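I have placed the structure first, in the form of structure tokens, so that the comments after it can refer back to it.
If you're wondering where the values come from, they're calculated on a predicted model, not measured in any experiment.
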Amino acid sequence: MTNKTLNNTTRTWGAVARAFHWGLGAAIIGMIAYGWWMNHFPARADRFFYRSIHADIGYLVLLFTALRLIWKVANPTPALPGSTPVWERVLARFNQWSLYALTILVAGLGWAHSGAHKPDYADFFGLFRVPQFTVENRAASRFYEHWHIYIAYALLALIALHVLAALYHRFIRKDGVLERMIDGRA
């Protein structure tokens, strides 16, 4: 039986949490891949366009991560199965909160890079300008960009650990943890 409710329960994830999880997961992995591609193609006249799109999606990732955290605070977190060892529980919580923290840090560093870069990447899909909290500074721009990339790779490592843990629960433990996030089965 699948969970059609919007809210989480103590046993499974609700539809909203699952939508945030999969939507943000796809967006973050896509952004890391897009960022890698963007930084490895030869300099061209339309490079600013690609970087602007990357920044615009990054602003959305930051917004939806904040909304995801608000939703998480307002809803219960489903408990891990009772047979889960304490060390796995601690590692799971650490990884989960580290994913949130690094996502916010990567997006924040990208935003800082935008304001320090000339020209900035503040034009949000041509609709309005995103306020910038840093000022134009070439050295700061390079600093923010480098740390944006380094932390993105650390985020990718945490994502890989998260995926491996999900596969471990699915194929080795067979305890239904992954199914709760796929279709809400308790």
Exercise for the section: Please test Trp97 against Leu69 for side-chain contact (heavy atoms from CB on, under 4.5 Å), starting from the C-alpha separation and ending with a verdict. Expected result: CA-CA 10 Å; Trp97 285 104; Leu69 285 170; 3.6 Å; yes
With the 4.5 Å side-chain cut-off for hydrophobic clustering, are [X] and [Y] part of the same group?
X: Met31; Y: Val163; value: yes
X: Leu91; Y: Leu99; value: no
X: Phe41; Y: Ile53; value: yes
X: Phe133; Y: Tyr144; value: yes
X: Tyr168; Y: Val86; value: no

[X] (side chain) donor-acceptor with [Y] (main chain) under 3.5 angstrom:
X: His146; Y: Arg142; answer: yes
X: His169; Y: Val177; answer: no
X: Asn39; Y: Gly35; answer: yes
X: Asn8; Y: Gly14; answer: yes
X: Asp56; Y: Phe125; answer: yes
X: Asp175; Y: Pro81; answer: no
X: Ser141; Y: Asn137; answer: no
X: Thr65; Y: Ile104; answer: no

Report yes if some heavy atom in the side chain of [X] is under 4.5 Å from a heavy atom in the side chain of [Y]; otherwise report no.
X: Phe124; Y: Leu60; result: yes
X: Val16; Y: Asn7; result: no
X: Thr77; Y: Lys72; result: yes
X: Met38; Y: Arg51; result: yes
X: Met181; Y: His21; result: yes
X: Gln132; Y: Val130; result: yes

Could you measure the distance from the [atom1] atom of [X] to the [atom2] atom of [Y]? Nearest 0.5 Å is fine.
X: Ile32; Y: Ile159; atom1: CD1; atom2: CD1; answer: 4.5 Å
X: Ile28; Y: Ile57; atom1: CD1; atom2: CD1; answer: 12.5 Å
X: Leu167; Y: Leu178; atom1: CG; atom2: CG; answer: 7.0 Å
X: Leu161; Y: Ser98; atom1: CG; atom2: OG; answer: 9.5 Å
X: Ile151; Y: Thr103; atom1: CD1; atom2: OG1; answer: 11.5 Å
X: Leu102; Y: Leu158; atom1: CG; atom2: CG; answer: 5.5 Å

Non-hydrogen atoms of [X] and [Y] that approach each other most closely:
X: Arg173; Y: Pro85; result: NH1-CD, 3.5 Å
X: Arg89; Y: Thr84; result: NE-O, 3.0 Å
X: Trp111; Y: Pro131; result: NE1-O, 2.9 Å
X: Ala107; Y: Gly58; result: CB-O, 4.1 Å
X: Val61; Y: Ala27; result: CG2-CB, 4.0 Å

Problem - Full working for salt bridge (Lys or Arg N to Asp or Glu O under 4.0 Å) between Glu88 and Arg93 - result: CA-CA 9 Å; Glu88 281 185 24; Arg93 292 295 175 242; over 6 Å; no
Geometric class of the [Y]/[X] ring pair [parallel <30°, tilted 30-60°, perpendicular >60°]:
X: Trp36; Y: His40; value: parallel
X: Phe20; Y: Phe64; value: tilted
X: Trp147; Y: Phe143; value: tilted

Handout entry: Between Tyr59 and Ser114: side-chain donor-acceptor atoms closer than 3.5 Å
Key =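 Yes, side-chain donor-acceptor contact under 3.5 Å.
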Handout entry: Ring-ring centroid check His117 Tyr121, cutoff 6.0 Å
Key =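 Ring-ring flag for His117/Tyr121: true, centres closer than 6.0 Å.
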Handout entry: Tyr50-Trp37 aromatic ring centre distance below 6.0 Å
Key = yes
Counting only heavy atoms not in [X], do more than 12 sit closer than 6.0 Å to its [atom1] atom?
X: Arg11; atom1: CZ; answer: no
X: Phe48; atom1: CZ; answer: yes
X: Arg138; atom1: CZ; answer: no

Handout entry: Check against side-chain contact (heavy atoms from CB on, under 4.5 Å), His113 and Glu145
Key = CA-CA 6 Å; His113 169 66; Glu145 183 178 28; 3.6 Å; yes
Handout entry: Candidate pair Ile29 and Tyr34, rule side-chain contact (heavy atoms from CB on, under 4.5 Å), full reasoning
Key = CA-CA 8 Å; Ile29 291 168; Tyr34 184 73; over 6 Å; no
Practice task
Identify whether NZ of Lys or CZ of Arg in Arg47 sits under 6.0 Å from the centre of the six-membered ring of Phe49 and within 45° of that ring's axis.
Solution key: no
Problem - salt bridge (Lys or Arg N to Asp or Glu O under 4.0 Å) evaluation trace for Glu179 with Lys174 - result: CA-CA 10 Å; Glu179 288 77 4; Lys174 299 178 183 177; over 6 Å; no
Handout entry: Salt bridge present between Arg129 and Asp120 (N-O < 4.0 angstrom)
Key = yes
